[in-house]
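Because the structure is a prediction, the values reported are computed rather than measured.
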Amino acid sequence: VDVNMRLDGKKLMVDSIQITSPELTFTSKGEWSGMPALADLLKGETAKPPGNVDLKGKLSAEDLSWLAVDNPSLRRVAGRLEANLTMKGPISDPAIDAMVRLTDGELRPDMDVPSLQALNLNAVVTPTGARLQTFTGELGGAPFQITGSVVRNNENGASADLRLQGENLLFYRSEGLQVRADTDLTVKGPLERLKVAGEVAITDGRLAKYFDLLGTLRGSSKPKADMGLQLFSIQQPPLSNMVFDVRLNSKNPFTIRNNLARGAVRPELKLTGTGEFPVLAGEVYVDPTRISLPAGSLVFESGVVRFDPNRPDRPTLDLVGTSKILGYDITMLVAGPFDEPVVTLSSVPPLSNEELLLLLLTGQQPNADDDENAQRQSMNVAVFLGKDLMARWFGSDASEAIVDRFDIGIGRAVTRSGEETIDAQFRIADDVLRDGDKIYLTGEKDIFDFYNAGLKIVFRFK
């Protein structure tokens, strides 16, 4: 600390004040005019000192990385912070203003939430609140801006009026899961009861996380408590008292592509409730989605998942799936709560529920001898677990490049000799003749017991 001051009658001249530390520096200069006698001031006899003050100061931090030290919730903080301060008026009640600037800031939390980068802020701070002149940044490489103010009053404390806008913002990213969305949100009201309202529209949602089938089959000896579907929960006020009124929809379908499922969903939801107890209401529509099974695949052409605001932790399912195995056209209806759904199976030609379930899961053909069924089931399970093992070995990226290009179906029909047909294809190229086309190498054992190989080109007319 380095201070140079001069006393000239009733005027205190502050030539310079300089405070320096490894984290911050502060400089100031100015004057206090009309001050009381120094003796009275030292004796403390002046309860409300007279005179006017006129001071100017500058606070600066060249590197904000020290904010992340000893803070386990932050991995990195960066940027340059400057604040120009003025204090002017009666010393008993001066007007204090500050112009705050943040340049090239970065905030990287120690979690799956993406980092905030390229933060640039210009704000005017007064005793009555703060007003954002400009506040821009990037979330996952996509730009955003925040406008508005936070005002302080004597009746309700501080009150916010802020707006966040951005396109294709990255909200969440982890291994196998990514969500980007166009965002237009407002935050208004007193800090004790903030209200978040607006719209979030998914532009790029992808779930490619590997599903550990073998681990699921192994199970666990520990009992699992029925907690329902759990959303986030903020425990600390004032954010725990925050109220939501946010529409959640999608501009583009949320895609699902992993070792068990290929498809997409489209949410049409509304987030209400509070930060501590958020509530989802609305529907999630299921686009054509294929589920891989040991004996083939099950295709859900349509369906819906409904969130009842009275039971937000227990959404209900209403799905219709179809499959063709060994000449049987199978229909599956899934309805009811997600944790206790009712599954109804039917087929043409008709089979009992038990026979259909075995046919779907293992490929066991009704009225076939035990040796034939055992061989068929072993082949189906071996192929299914083989693809699952490839996904485990190569990881999500490689599985998208290799496993996702390979498709095999056993037993979709029966040959003349009573054996299963085999259909296999491997995608070798995209966008060859026109945008959106695909070229496959194919092989099959057809209903005539012939083995065929070929090249298949798939494209769609606009």
Side-chain angles (χ1 to χ4, degrees), residues 1-8 10-36 38 41-42 49 51-110 113-139 143-152 158 160 162 191:
V1 179
D2 187 3
V3 180
N4 289 308
M5 294 188 297
R6 293 180 291 111
L7 184 59
D8 183 8
K10 292 187 176 183
K11 180 180 292 188
L12 179 65
M13 308 294 296
V14 181
D15 294 331
S16 68
I17 297 177
Q18 184 166 344
I19 303 174
T20 306
S21 75
E23 295 84 11
L24 302 168
T25 61
F26 175 76
T27 60
S28 178
K29 65 179 182 178
E31 63 180 32
W32 178 9
S33 59
M35 62 176 291
L38 184 59
L41 187 64
L42 294 176
N52 296 317
V53 65
D54 187 359
L55 292 173
K56 294 182 179 179
K58 181 178 181 180
L59 176 72
S60 63
E62 298 293 331
D63 185 3
L64 297 177
S65 60
W66 54 273
L67 291 174
V69 178
D70 298 327
N71 191 335
S73 63
L74 296 176
R75 282 196 298 170
R76 173 178 167 80
V77 178
R80 172 186 172 87
L81 179 67
E82 292 182 350
N84 292 325
L85 302 98
T86 62
M87 181 186 294
K88 194 170 184 178
I91 193 170
S92 58
D93 187 20
I96 303 175
D97 298 319
M99 175 66 74
V100 180
R101 289 186 298 275
L102 174 65
T103 307
D104 296 329
E106 180 180 356
L107 180 64
R108 184 175 300 177
D110 189 18
V113 178
S115 61
L116 297 168
Q117 297 176 320
L119 298 175
N120 291 281
L121 165 70
N122 283 284
V124 177
V125 181
T126 67
T128 60
R131 179 171 55 86
L132 302 180
Q133 292 183 325
T134 60
F135 187 10
T136 60
E138 294 181 359
L139 187 59
F144 70 86
Q145 66 173 355
I146 300 177
T147 57
S149 61
V150 178
V151 178
R152 178 184 176 186
L162 302 171
L191 295 185

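- In this structure the side chain of Val1 reaches within 4.5 angstrom of the side chain of Val3, judged on heavy atoms.
- Distance check: Asp104 CG to Leu64 CG gives 11.0 Å after rounding to the nearest 0.5 Å.
- Defined by atom type and a distance below 3.5 Å, a donor-acceptor pair is missing between the side-chain atoms of Thr126 and Asp97.
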Can you list, pair by pair, the side-chain donor-acceptor contacts under 3.5 Å of residues 18-27, counting residues two or more places apart and other chains?
from: Ser21; atom 1: OG; to: Glu23; atom 2: N; distance (Å): 3.3
from: Ser21; atom 1: OG; to: Leu24; atom 2: N; distance (Å): 3.0
from: Ser21; atom 1: OG; to: Leu24; atom 2: O; distance (Å): 3.1
from: Thr25; atom 1: OG1; to: Ser60; atom 2: OG; distance (Å): 2.6

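- Asp15 meets the salt bridge (Lys or Arg N to Asp or Glu O under 4.0 Å) test with Arg6; sequence neighbours excluded.
- Using a 4.5 Å cut-off on side-chain heavy atoms (C-beta onward), Val14 and Leu55 make contact.
- Asp63 pairs by the side-chain hydrogen bond (donor to acceptor under 3.5 Å, both in side chains) definition with Ser65, not counting sequence neighbours.
- Residues passing the salt bridge (Lys or Arg N to Asp or Glu O under 4.0 Å) test with Glu138, sequence neighbours excluded: none.
- Residues forming a side-chain hydrogen bond (donor to acceptor under 3.5 Å, both in side chains) with Gln117 (at least two apart in sequence, or on another chain): none.
- With rounding to the nearest 0.5 angstrom, the CE atom of Met87 is 13.0 Å from the CG atom of Asn52.
- A side-chain N or O of Thr134 and one of Asn122 form a donor-acceptor pair less than 3.5 Å apart.
- Applying the salt bridge (charged side-chain N to carboxylate O under 4.0 Å, His left out) test to pairs two or more places apart or on separate chains, those with a residue in residues 78-90 are Glu62-Arg80, Arg80-Glu82, Glu82-Arg101.
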